[in-house]
Amino acid sequence: MSRPPVPSERGAEVGRRIGVGLMYGLWQPRVIGAWKVPATGPVIFAVNHSHNIDGPMVMGVAPRPTHFLIKKEAFVGPLDPFLTGIGQLKVDRTAADRTAITQALGVLEAGGVLGIFPEGTRGEGDFASLRAGLAYFAVRSGAPIVPVAVLGSSGRRGRLIKALPPLRSRIDVVFGDPFEAGDGSGRRTRAALDAATERIQKQLTGHLENARRLTGRPATLE
């Protein structure tokens, strides 16, 4: 089998520019800690997920173009070629999607930024339940993880469009310090990945608590 093509970084940069216009045009993002994102080399963004706007928001405010792993159900109609064109990755969450895995690792091998919602699906956005995928990508690639907390996207509904946050409302995006998920041994055994997942969860939960303190947002609103 031929290896699937690595998503275009140029496409992801186009997506970032579109995101800049939309996110800053419709809402008032407040970005904290973007300077912590390594300027070059592979990076994994681990983003909490409580609203559909979280991914586009991070794409629009991040200092580097981002390739997100997105559920295949979102790739419908005209969104399919659009999302593919801006460098996003289609993933089947019901099975081990080898194509998506290979493409994601290809992004990291090329020194790009991979965006992951480690909770696997939209929920409370509190990093309480992590899937093993994030640990696998981090340990396999050796890329540092940058925790990203999106706060304010799910607290209230908009008046005009109920499915979106109120227009011109403030949404906080807090980038944390990069950290290594592995123990330095390079092992990818089940035990090593389980230990990495525990380390990741501790780091992400701590970052979310710190982000709430920095922004003054109580946990009950997120």
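Just so you know, residue 1 is the first one in the sequence shown, and it goes up from there. The figures here come from the full heavy-atom set of this structure, side chains too, leaving out hydrogens, waters and symmetry mates.
- The backbone N or O of His49 lies less than 3.5 Å from a partner atom in the side chain of Glu119, making a donor-acceptor pair.
- Leu214 and Leu208 are members of different hydrophobic clusters when ILVMFWY side chains are connected at heavy-atom separations under 4.5 Å.
- The shortest non-hydrogen separation linking Phe175 to Lys36 is O-CD, 3.7 Å.
- Of all the heavy atoms in Ile70 and Gln88, the pair that sits closest is CD1-CB, 3.8 Å.
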Atom pairs and distances, donor-acceptor, side-chain atoms in residues 27-35, under 3.5 Å, two or more places apart:
from: Trp27; atom 1: NE1; to: Pro165; atom 2: O; distance (Å): 3.1
from: Trp27; atom 1: NE1; to: Pro166; atom 2: O; distance (Å): 3.2
from: Gln28; atom 1: NE2; to: Arg168; atom 2: O; distance (Å): 2.7
from: Arg30; atom 1: NE; to: Asp172; atom 2: OD1; distance (Å): 2.8
from: Arg30; atom 1: NH2; to: Asp172; atom 2: OD1; distance (Å): 3.4
from: Arg30; atom 1: NH2; to: Asp172; atom 2: OD2; distance (Å): 3.2

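- By the 4.5 Å heavy-atom criterion applied to side chains, Leu151 and Ile171 are not counted as neighbours.
- His67 places no side-chain N or O within donor-acceptor distance of the main-chain N or O of Leu114, the cut-off being under 3.5 Å.
- Partners of Glu209 according to the side chain to side chain contact (heavy atoms under 4.5 Å, CB included) rule, which considers only residues two or more places apart in sequence or in another chain, are Thr205, Arg213.
- In terms of heavy atoms, Lys90 sits closest to Ala100 at O-CB, 3.5 Å.
- When every heavy atom of Ser153 is checked against every heavy atom of Asp54, the shortest pair comes out as OG-OD1, 2.7 Å.
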Could you pull out every donor-acceptor pair under 3.5 Å between side chains of residues 102-113 and any protein atom, sequence neighbours left out?
from: Thr102; atom 1: OG1; to: Arg98; atom 2: O; distance (Å): 2.8
from: Gln103; atom 1: NE2; to: Pro5; atom 2: O; distance (Å): 3.0
from: Glu109; atom 1: OE1; to: Arg3; atom 2: NH2; distance (Å): 2.9

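- In this structure, the side chain of Arg199 engages the main chain of Ala181 through a donor-acceptor pair within 3.5 Å.
- With sequence neighbours left out, Arg17 forms a salt bridge (charged side-chain N to carboxylate O under 4.0 Å, His left out) with Glu13.
- Side-chain N or O atoms of Arg16 include none that pairs as donor or acceptor with a backbone N or O of Val61 at under 3.5 Å.
- Here the closest non-hydrogen pair linking Pro118 and Leu204 is CG-CD1, 4.0 Å.
- The residue from Val139, Ile145, Ile44 that alone fulfils the side-chain contact (heavy atoms from CB on, under 4.5 Å) condition with Ile200 is Ile145.
- Among residues two or more places apart in sequence or in another chain, the ring-ring contact (aromatic ring centres under 6.0 Å, His included) test is passed with Phe137 by none.
- The shortest side-chain heavy-atom distance between Val148 and Asn48 does not fall under the 4.5 Å cut-off.
- Between Phe45 and Phe68, the ring center distance fails the sub-6.0 Å criterion.
- No donor-acceptor distance shorter than 3.5 angstrom exists from the side chain of Asp80 to the backbone of Gly77, with no hydrogens or angles considered.
- A salt bridge is defined here as a Lys NZ or Arg NE, NH1 or NH2 lying under 4.0 Å from an Asp or Glu carboxylate O, and Lys71 with Asp92 fails to meet this definition.
- In terms of heavy atoms, Thr66 sits closest to Gly115 at CG2-N, 3.8 Å.
- Partners of Asp194 under the side chain to side chain contact (heavy atoms under 4.5 Å, CB included) rule, at least two apart in sequence or in another chain, are Arg190.
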Checking salt bridge (Lys or Arg N to Asp or Glu O under 4.0 Å) for the pair Asp97/Lys72: CA distance, chi angles, key distance, verdict? CA-CA 11 Å; Asp97 190 332; Lys72 69 175 185 178; over 6 Å; no
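- Hydrophobic clustering (side-chain heavy atoms under 4.5 Å, transitive across Ile, Leu, Val, Met, Phe, Trp, Tyr) keeps Tyr24 apart from Val174.
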